[in-house]
Structures are given as structure tokens and as C-alpha cells.
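To start, the structure itself, in C-alpha cells.
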2 protein chains.
Amino acid sequence: MSPRKSAHDELTKEAIISVARDLFVKEGYSAASMRKIADTLQCSHGAIYYHFKNKAQLFYEMVEADFQKLDQVLDSVLEESADTNEQKLFSIFYRYIQFGLTHQKHYELMFLIRDDDVKSYLNEGPNKSYMHFAQAINSLAPRSLSIKDIWSVFLSLHGFVTHYCRSETTFEEVKELASSHAQFLIKAII
Amino acid sequence: MSPRKSAHDELTKEAIISVARDLFVKEGYSAASMRKIADTLQCSHGAIYYHFKNKAQLFYEMVEADFQKLDQVLDSVLEESADTNEQKLFSIFYRYIQFGLTHQKHYELMFLIRDDDVKSYLNEGPNKSYMHFAQAINSLAPRSLSIKDIWSVFLSLHGFVTHYCRSETTFEEVKELASSHAQFLIKAII
DNA sequence: TTCATTATTGAACACTGGTCAATAAAATTA
DNA sequence: TAATTTTATTGACCAGTGTTCAATAATGAA
């Protein structure tokens, strides 16, 4: 009826993203419909399209900021100066998995989603994160590692996270397995 | 108009699955609609529901057959009696990756799908295939492996396939990397 | 021939993502 | 202040989705 809301309750990207994040995490990408998001925001679903080109871009903008936390996790491990290099290596592997499984929806979007609409938005993100990871591994390894070995380590961690993302298992449920997987990978590089 | 087809062109589960597989592989799970499948079969979309409870179950019955092909690949490696155990181990790893990357859509459908409806049906298929895999690894490993180690090997292979599935890389393009990944995993278990 | 059974149809339902003319609030200009 | 432009919102609309089901015709059995 009223084609525009009064100033104090106009929509903002932040408000949309905040509601969308809750719904995406609660219901997944496809089940969280634009109409449900709009209902929660008490606006029409058309209004969201004024702020975001489409659903994929809304999802992407939501996740982009959160994903920078992975870099922060890696940095914080490197700064734990009390640990030995092998402890740090273990920590990086372990906490990479922890990150992936406690931010499953984000991880899925960055690394797993096949939706063509969404994929066109994703390119630099994962690559940048990997470079950071590779750098850290290389500086901590006890012997000189080939690029291929580091890549194998990454893919092996990725496989762990991917598998448990698919079945929506929490990190808590598999932390022992995560620990032994990290240990398994250390065996391969020392 | 005609509520039932004459005998010689009645629908069969096999005919539906065959058409559905093509479409699932070509367009993915969600884009391959029941109506498109029905159009290709030249029947109404309602008719499919006489043979399958719903789309997810049609998908599941299709994928179950695919898993058996993976089992056959593993079996054929075990029967290559000229090879040493380590060569067989390498072959299993390498050909697992080869299978995944030369049947990317199948692999994706088998292991990566996130649709909730489908997931409730997918449990035994992958599990049975994994048991087969684990058995083979265990019998070939030079030292006694823990269940967790075998699981780590599997997840590490899965990570490789998953990654290159997402970017639609062919096996040919990464066969050297596949080889070194397989070698990397052997290092971890011997 | 009669009568169940069986397989198929297509309309209907409740959804989905996305578009767009109409419109009113807000910001800008005269 | 008044007129005008810009901006944000609405909701009808479109083409599509999975699923259900009464109606119905081909089939097979009695």
C-alpha cells in the first residue's frame, strides 16, 4: 500500500544481510527464500532486489566479510610463539578444519557451491586464502616441501571439511577425527 | 487425453532412470525437472510419480547403480596379480581419482549433493562403497593401519576429486598431480 | 462379457526467483 | 517555501518448480 517506508525504518544492506545470514545458516541456500527473508524483515521480496542484484549476490556479500576470519585464524596460530613448529603445523591443520565446520555455510559457498550464478561471483577469495595457507605451511615444515606436497595437504584438509559439511556434522562431533586427520597429514610431510 | 498407453510403450523404471541420468548429468539435480524428464520420455510428469515416490527417490535409485561401477574399478585393481601391494595401493588411489574426474557429474551427484530431500536417501550407497575401499586398503597396507588412518586416506582422495570437480578440470589435465597426491598418501601410511 | 486392477493424464496447489510499472517519501533545486 | 528530481518500496505478474489426485482407458482375470 505505501510505496516507500518512512526514513527510520528503511531497509539497509546490513539489515538484509543480518536476517539473510540467520536464514541461510538455519535453512540452507535454497530453502532460505527471498520471500522468507522479506517476511522476517517485514518488507516485500521485491525490495531486496533494489539492494542486491539477485539471491546469489546477497549470499556472496554476506559471506565475504565473514570469510576473512580464516586468515585471522592462521595468523593467530603463527603468533603463538610458545609452540614448536610441529605444534603450530598441527594447529593450522586442526583449526582449518575447525573453521570449515563451524562456518559450514560459508565454506560451502567459497569452495563447494556449483550454482553457476553464485560461482561467477567467486574467484579471488579462495585463491587468496590458499596462498596464505601455503606460505604458513612452507615456513613451518621441518623439511623442504614441494609445491605439490603442500597442495596435497590442502586438498586433504579440504576433503575432510567437505565430507562433514555435506552431512552437516558439527565440529564438536568429529574433533577427535579432526585431530587424527591432522596427525595423519603431519606424518606425510615430516 | 489417453489415460493409459498401449502395452508396447508403457513406462518402465529403467527407461525413466536412463533418461533421468542423462538429464541429471547434463543439467544437475535441481535443473533437471520432472517435467523435462517426462517430456523426453514423451509422457506426463505425473506418470513418473506412479513409478517413484518422488524426485529424490528417482535420483537415489539412479545413483545406486553408479556406485557399483566404482566397486568394479576397485575389484579390477585387486585382481591385477602381477603388481606388488604398493603398486596396487597406488593404483587404487590413482584410479579412484580417475573415476571421480572422468565421471564428474556422477561423483558430484554421489558425494556432493546438498539437497535435503536427497540426503535422506543417500546413506547406504556411499557407505557400502567405502567399506569396499577400506577393506582393499587394509589388506594391501604394509603395516597395520587404524580405521582412522584409512578414513583419512579416503577423505584426502575425496578432497582431490572434489576440488577438481568444482572447477570442471579433466583427469588428463591433472594426472601428474593425481599421481603425486597418490604418492603423498602412500608416504603417510608406510 | 464383466469386472478389477493398473498405468496414465492433466488440472490444481503451493511454492520458487526474478521483473517492473506505479507510487510515495526524501532530497535537491529554484 | 514550492516545484522537481531522485530514491526506495510495493505487489501484481511471469515462468518455472515438486507433488497430489480424480478421472479414465488399456490390460488381464473370472
Side-chain angles (χ1 to χ4, degrees), chain A residues 1-20 23-24 26-62 109 113-121, chain B residues 1-20 23-24 26-63 109 113-122:
Chain A
M1 288 297 167
S2 60
R4 189 170 179 177
K5 289 181 161 158
S6 52
H8 66 284
D9 48 22
E10 266 189 3
L11 274 181
T12 62
K13 281 190 138 194
E14 288 67 34
I16 296 171
I17 284 178
S18 166
V19 163
L23 267 174
F24 281 137
K26 207 186 296 171
E27 314 198 353
Y29 181 74
S30 59
S33 73
M34 296 298 253
R35 282 171 179 80
K36 281 182 193 166
I37 294 169
D39 285 352
T40 310
L41 285 162
Q42 288 181 292
C43 70
S44 74
H45 67 285
I48 300 176
Y49 288 88
Y50 182 80
H51 300 274
F52 298 93
K53 193 165 145 279
N54 51 37
K55 188 182 179 182
Q57 188 165 66
L58 165 57
F59 201 151
Y60 176 62
E61 291 199 23
M62 170 216 117
L109 185 77
I113 209 149
R114 282 195 70 91
D115 186 305
D116 286 340
D117 298 337
V118 171
K119 260 175 21 181
S120 66
Y121 287 95
Chain B
M1 287 297 166
S2 61
R4 187 171 179 177
K5 288 180 163 159
S6 52
H8 65 284
D9 48 23
E10 266 189 3
L11 275 181
T12 61
K13 280 191 136 190
E14 288 68 35
I16 297 171
I17 284 179
S18 166
V19 164
L23 268 174
F24 281 137
K26 207 186 296 168
E27 314 198 353
Y29 179 75
S30 59
S33 71
M34 297 298 254
R35 281 171 180 78
K36 283 181 193 166
I37 295 169
D39 285 352
T40 311
L41 285 162
Q42 289 182 292
C43 71
S44 74
H45 63 284
I48 301 176
Y49 287 87
Y50 182 78
H51 299 274
F52 298 94
K53 195 166 145 277
N54 52 36
K55 188 183 181 183
Q57 188 164 63
L58 163 58
F59 174 81
Y60 173 65
E61 293 200 21
M62 173 220 109
V63 99
L109 295 174
I113 206 150
R114 281 196 65 89
D115 187 294
D116 285 341
D117 297 338
V118 170
K119 272 189 341 200
S120 64
Y121 286 96
L122 289 176

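Each chain gets a letter, A, B and so on, in the order its sequence line appears, and its residues count up from 1.
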In whole angstroms, the gap separating C1' of D:dT17 from NZ of B:Lys55 amounts to 8 Å

Expected list for residues 37-44 of chain A near DNA chain D, using heavy atoms below 4.0 Å, is A:Cys43, A:Ser44

From CG of A:Asp9 across to P of D:dT7 the rounded distance in Å is 20 Å

Sorted by position of nearest nucleotide on DNA chain D, 5' first, the leading residue of B:Ala47 and B:Ala31 is B:Ala31

Whole-Å distance, B:Tyr49 OH to C:dG10 P, equals 16 Å

Open item on the list: Can you tell me whether the side chain of B:Arg35 and the base of C:dG10 have a donor-acceptor pair closer than 3.5 Å?
Closed with: no

Across all chains, not counting sequence neighbours, the side chain to side chain contact (heavy atoms under 4.5 Å, CB included) partners of B:Glu10 are B:Arg4

Here the distance between atom C1' of D:dT17 and atom OH of B:Tyr29, to the nearest Å, is 12 Å

List every contact pair, protein side and nucleotides 26-30 of chain D side both N or O, where the distance is under 3.5 Å.
{"unit_1": "D:dA26", "atom_1": "N3", "unit_2": "B:Arg4", "atom_2": "NH1", "d": "2.9"}
{"unit_1": "D:dT27", "atom_1": "OP1", "unit_2": "B:Ala7", "atom_2": "N", "d": "2.7"}

Contacts satisfying salt bridge (charged side-chain N to carboxylate O under 4.0 Å, His left out) that involve residues 26-38 of chain B (not counting sequence neighbours) are B:Glu27-B:Lys36

message = Would you call the rings of A:Phe59 and A:Phe24 parallel, tilted or perpendicular, taking 30° and 60° as the class edges?
response = parallel

Rounded to whole Å, the CG-C1' distance (A:Leu11 to D:dT9) equals 8 Å

For A:Ser18, the side chain to side chain contact (heavy atoms under 4.5 Å, CB included) test, sequence neighbours excluded, returns none

note: B:Asn54, atom CG; D:dT20, atom C1'; distance rounded to Å ~ 12 Å

Salt bridge (charged side-chain N to carboxylate O under 4.0 Å, His left out) pairs touching residues 39-48 of chain B, sequence neighbours excluded, are none

Atom NE2 of A:His51 and atom C1' of D:dT10 are separated, to the nearest Å, by 12 Å

Inset, instruction - Can you check whether any acceptor in the base of D:dT19 is under 3.5 Å from a donor in the side chain of B:His45, or vice versa? - result: yes

CZ (B:Phe52) and CD (B:Glu61) are apart, to the nearest 0.5 Å, by 5.0 Å

Residues at least two apart in sequence or cross-chain that pass side chain to side chain contact (heavy atoms under 4.5 Å, CB included) with A:Asp9, listed by chain then number, are A:Lys5, A:Ser6

Hits for side chain to side chain contact (heavy atoms under 4.5 Å, CB included) against B:Ala15, two or more places apart or cross-chain, chain-then-number order -> B:Thr12, B:Leu41

CD (A:Gln57) and CD1 (A:Ile48) are apart, to the nearest 0.5 Å, by 13.5 Å

Separation of C:dG18 atom P from A:Ile48 atom CD1, nearest Å, is 11 Å

Between A:Gly46 and A:Ser33, the residue closer to the 5' end of DNA chain C by nearest nucleotide is A:Ser33

